[in-house]
Amino acid sequence: MAAPATSPAPPAAAAPRAPRAECRWALAWRRFKKNRLAIGAMLFLVTIHVVALVAPVLAPHDPEFLDLLNQFQNPSARHPLGTDDSGRDVLSRLIFGARVSLSVGLSAMFVAVTLGSVVGALAGFYGGRTDAVLMRVTDGMLTIPTFFLALLVVAALGSSLVNVIFVVGLTGWMVVARIIRSEVLRTIPQEFVLAARALGGSDARMLFKHVVPQAFPSVIVAATLGIAYAILTESSLSYLGLGVKPPTPTWGNMLSGAQQLVWTKPTLAVYPGVMIMASVLSYNVVGDALRDALDPRSGKVGV
Amino acid sequence: MTAYLLRRIGQSVVLLFIVSAIVFVIVRATPGGPAILNNPDVDPETAQAIARDLGLVDPLPVQYWKWITRAVVGNFGKSYQHQTPVTTLIQNRTPNTLLLAGTALVVSLLLAVPLGMISAVRRYSLFDYIATLTAFFGVSIPNFWLGIMMIVVCSVTLGWLPSAGMTPAGVVPTFGDRLRHLIMPAIVLCTFPLAQLMRYSRSSMVEVIEQDYIRTARAKGIAPRRVLFAHALRNALIPVVTVLGVITPRLLSGAVVTETIFAWPGLGRLAIDSAMTRDYPVIMGITMTTAILVVISNLVADLAYVALDPRISLS
């Protein structure tokens with residue numbers, strides 16, 4: 001580890017017991033642990049992600065298997081949550097739906113963080129006209145109701161899994177861009193960075209060695225809340241028929257199908273909705289707790 | 001003050017140009033043209049002729065120039081699908097969306113600030129826990145799902161409220177009729193801003209009441225109620241007001257979905273239809289309408305900020 005001694009943010013080294021200077025992450029973890037709601041939310045998130053990962057093992061049936069003789073079955077030993085309008089097993093569809101919904105959440109967040117970091121870093125480092133243009137575009141993006149924009153693009157490109165991820169990511173990068181930019185602007189004039197520059201450090205080195213570690217806590221928080229936003233957006237797009245198309249199950253398109261059947265079988269609309277809400281809620285709770293744990297002074301609630 | 005206002009208005013106008021350019025490029029750069037050109041009943045040559053007629057074969061900058069020079073004088077062109085002027089379409093729909101979104105915003109402000117305040121004052125009380133948890137649910141619940149569930153409970157099961165539209169069909173609507181149609185969509189749409197504003201009010205109030213001047217006021221023997229309302233509230237409102245600028249775009253996004261669930265004849269429905277048929281003039285018209293609404297709400301938030309915070313001087 002070649003970080004200069006002045007660097008205030010040592011990466012999370014696996015130090016089992018640091019007697020004096022407890023590293024930032026250990027401290028944050030200690031604070032995080034006290035929040036029982038957040039621990040519960042985290043356990044829930046781990047569980048559903050594992051379930052999504054091993055869906056083929058856990059799901060009792062093929063989620064796309066049509067059994068038209070057994071439509072609208074009530075819960076039974078064979079179908080724990082009953083069957084839908086095409087006789088498909090609801091539990092299996094929920095389990096496989098988790099794969100799409102959660103992976104859209106994670107991948108879209110990844111797209112958003114990458115794009116936001118690039119925009120923020122370019123704006124912060126190059127300043128002047130680059131900064132002005134990029135930040136005005138960011139303001140512009142914050143002025144358009146992003147869901148409308150997502151709608152436009154998905155309607156144009158067609159609603160494949162990749163397009164949905166791409167579009168949700170494209171509408172969620174602005175907060176990260178602002179965080180990274182302000183972190184660059186705050187870090188670059190500091191003396192240790194000046195010194196590193198004088199020693200011949202490149203912009204990229206400044207970015208990864210000095211800016212990124214500083215910005216990491218804020219970005220982690222923004223990313224966690226961003227996953228919640230992405231899952232909600234994906235499900236809203238699916239609900240409008242613009243998300244991932246049936247028969248592939250997602251929680252959003254299961255709901256969209258269920259709305260037509262609300263008069264016949266209202267319970268079909270309950271399960272996917274509960275799953276969406278529980279995952280989004282958990283990500284929000286964890287994101288909020290992370291903010292408190294990583295920066296106890298900021299009492300602010302994020303966007 | 002005037003100079004500040006003028007500068008902010010200038011910035012907003014620039015922002016509107018940027019927004020128009022972003023959306024213009026995104027909409028036209030994506031593959032597949034307007035639905036009218038992809039109609040299988042129209043032979044390719046006619047489609048070509050229509051495209052030329054609509055100016056869709058020009059280079060993108062030329063198209064943008066043509067559009068923007070007309071748009072600045074209020075001419076947004078004709079809808080490809082409806083053959084009516086875009087301004088007429090939007091004028092018919094905007095009041096409905098404003099009624100819905102405005103109601104949701106007012107309700108959420110009226111409820112969120114007092115609830116957040118009580119939560120902050122009685123921090124870690126049972127009320128605070130319940131309110132905080134409810135607010136978490138509020139920002140996490142998919143609004144279309146909440147809408148479906150409300151229809152199941154209030155319309156299907158109990159039969160209390162109408163599940164769709166703004167007015168009952170075939171009769172002259174009374175005020176009560178309109179109100180009954182507004183209740184469910186407004187509740188669904190206000191959930192997110194209500195919860196978000198409540199979280200902001202709480203954290204902002206918590207921060208304020210921990211400050212020295214509040215302790216001083218209490219130590220002087222000023223009645224707790226007066227300390228809260230006369231000393232703390234005003235300062236606590238400052239950050240809350242700034243959030244309004246963030247809430248408005250979310251509210252308009254939410255309106256798209258809410259209007260779909262309840263068949264509310266607003267801009268949101270029009271937005272979805274125009275996105276599906278790639279009706280460029282309508283898409284641009286709606287984008288600009290919503291962007292103007294957002295810009296205005298940002299301006300109002302800024303002015304309220306200045307009015308509330310005497311530390312900011314504009315001279």
Side-chain angles (χ1 to χ4, degrees), chain A residues 37 41 133 136-137 139-158 170-171 225 228 231-233 235-237 239-242 251-252 255-256 258-259 262-263 266 269-270 272-274 276-285 288 298-303, chain B residues 14-16 18-19 21-23 26-27 30-32 133 136-137 139-146 148-149 151-152 156-157 196 199-200 202-204 206-207 239 243 245-246 248-257 260-261 268 271-272 274-278 283 286-287 290-291 294-295 298:
Chain A
L37 187 62
V133 170
R136 291 300 81 73
V137 172
D139 291 346
M141 286 292 293
L142 285 168
T143 306
I144 309 166
T146 45
F147 185 71
F148 177 47
L149 197 67
L151 193 77
L152 279 177
V153 180
V154 177
L157 293 178
L170 274 187
T171 54
L225 300 175
I231 294 176
L232 269 185
T233 310
S235 66
S236 303
L237 284 174
Y239 166 73
L240 295 176
L242 288 166
W251 294 337
L255 261 180
S256 166
Q259 193 188 8
V262 130
W263 311 86
V270 174
V274 167
I276 297 171
M277 190 175 68
S279 349
V280 175
L281 182 69
S282 303
Y283 270 116
N284 277 331
V285 167
D288 225 49
S298 89
K300 295 267 184 294
V301 180
V303 180
Chain B
V14 173
L15 198 60
L16 288 177
I18 294 169
V19 168
I22 297 176
V23 177
I26 290 179
V27 169
T30 40
L133 202 62
F136 263 124
F137 273 98
V139 293
S140 307
I141 197 164
N143 56 7
F144 58 95
W145 185 61
L146 180 63
I148 298 172
M149 290 295 114
I151 291 177
V152 169
V156 179
T157 312
Q196 188 80 320
R199 275 148 53 95
Y200 271 100
R202 179 186 181 276
S203 65
S204 165
V206 163
E207 214 162 279
V243 190
V246 182
T248 316
R250 284 296 295 250
L251 206 57
L252 291 170
S253 288
V256 174
V257 177
T260 308
I261 309 167
I272 296 178
S274 64
M276 297 293 199
T277 54
R278 311 289 303 278
I283 293 173
I286 294 173
T287 308
T290 51
V294 172
V295 161
N298 273 324

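The figures that follow rest on heavy atoms only: side chains count, while hydrogens, waters and symmetry mates do not. Only a predicted model underlies this, so the values are computations on that prediction, with no experimental measurement involved. Throughout, protein chains are lettered first and strands after them, A, B, ... in sequence-line order, and every chain is numbered starting at 1.
In plain terms, the two heavy atoms of B:V257 and A:S236 that are nearest each other are CG2-CB, 4.3 Å. The shortest heavy-atom contact between B:W145 and A:L255 is CD1-CD2, 3.4 Å. Annotation for B:S140 and A:L232: closest pair O-CD2, 3.8 Å, computed over non-hydrogen atoms. Of all non-hydrogen atoms in A:L240 and B:M276, the two that sit nearest each other are O-CE, 4.2 Å. When every heavy atom of A:G140 is checked against every heavy atom of B:L15, the shortest pair comes out as N-CD1, 3.7 Å. In terms of heavy-atom proximity, A:A269 sits nearest to B:I148 at CB-CG2, 4.2 Å.
Looking at B:I22, only its side chain comes within 4.5 Å of chain A, counting heavy atoms on both sides. Residue contact with chain A, scored on non-hydrogen atoms closer than 4.5 Å, is absent for B:L251. Of the atoms belonging to B:V27, it is side-chain heavy atoms, and not backbone ones, that fall under 4.5 Å from chain A. B:I26 touches chain A through its side chain: at least one heavy atom from C-beta onward sits under 4.5 Å away, while N, CA, C and O do not. With a threshold of 4.5 angstrom between heavy atoms, A:V274 approaches chain B through its backbone and through its side chain. Heavy atoms of A:L37 lying under 4.5 Å from chain B belong exclusively to its side chain. For B:L16, no part sits under 4.5 Å from any heavy atom of chain A, backbone or side chain.
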Show the numbers, then the answer: is there a side chain to side chain contact (heavy atoms under 4.5 Å, CB included) between A:F147 and B:L252?
CA-CA 9 Å; A:F147 185 71; B:L252 291 170; over 6 Å; no
Assess whether side chain to side chain contact (heavy atoms under 4.5 Å, CB included) is satisfied between B:V19 and A:M141, documenting all intermediate values.
CA-CA 7 Å; B:V19 168; A:M141 286 292 293; over 6 Å; no
May I have the step-by-step check of side chain to side chain contact (heavy atoms under 4.5 Å, CB included) for B:R199 and A:D288, ending in yes or no?
CA-CA 11 Å; B:R199 275 148 53 95; A:D288 225 49; 3.7 Å; yes
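Distance CD1/A:I276 to CD1/B:I141: 10.5 Å, rounded to 0.5 Å.
In this structure, A:M277 and B:L146 have side chains that are not in contact, with every pair of non-hydrogen atoms separated by 4.5 Å or more.
Per-residue heavy-atom pair counts under 4.5 Å with chain A were compared for B:I261, B:V206, B:N298, and the maximum is reached by B:I261. Comparing B:A275, B:A271, B:S253 by heavy-atom pairs within less than 4.5 Å of chain A, the highest count is held by B:S253. Options A:V154, A:V285, A:L149 differ in how many heavy-atom pairs under 4.5 Å they form with chain B, and the most are formed by A:V285. In terms of heavy-atom pairs under 4.5 Å with chain A, the best-connected choice from B:A21, B:P142, B:A291, B:P249 is B:P142.
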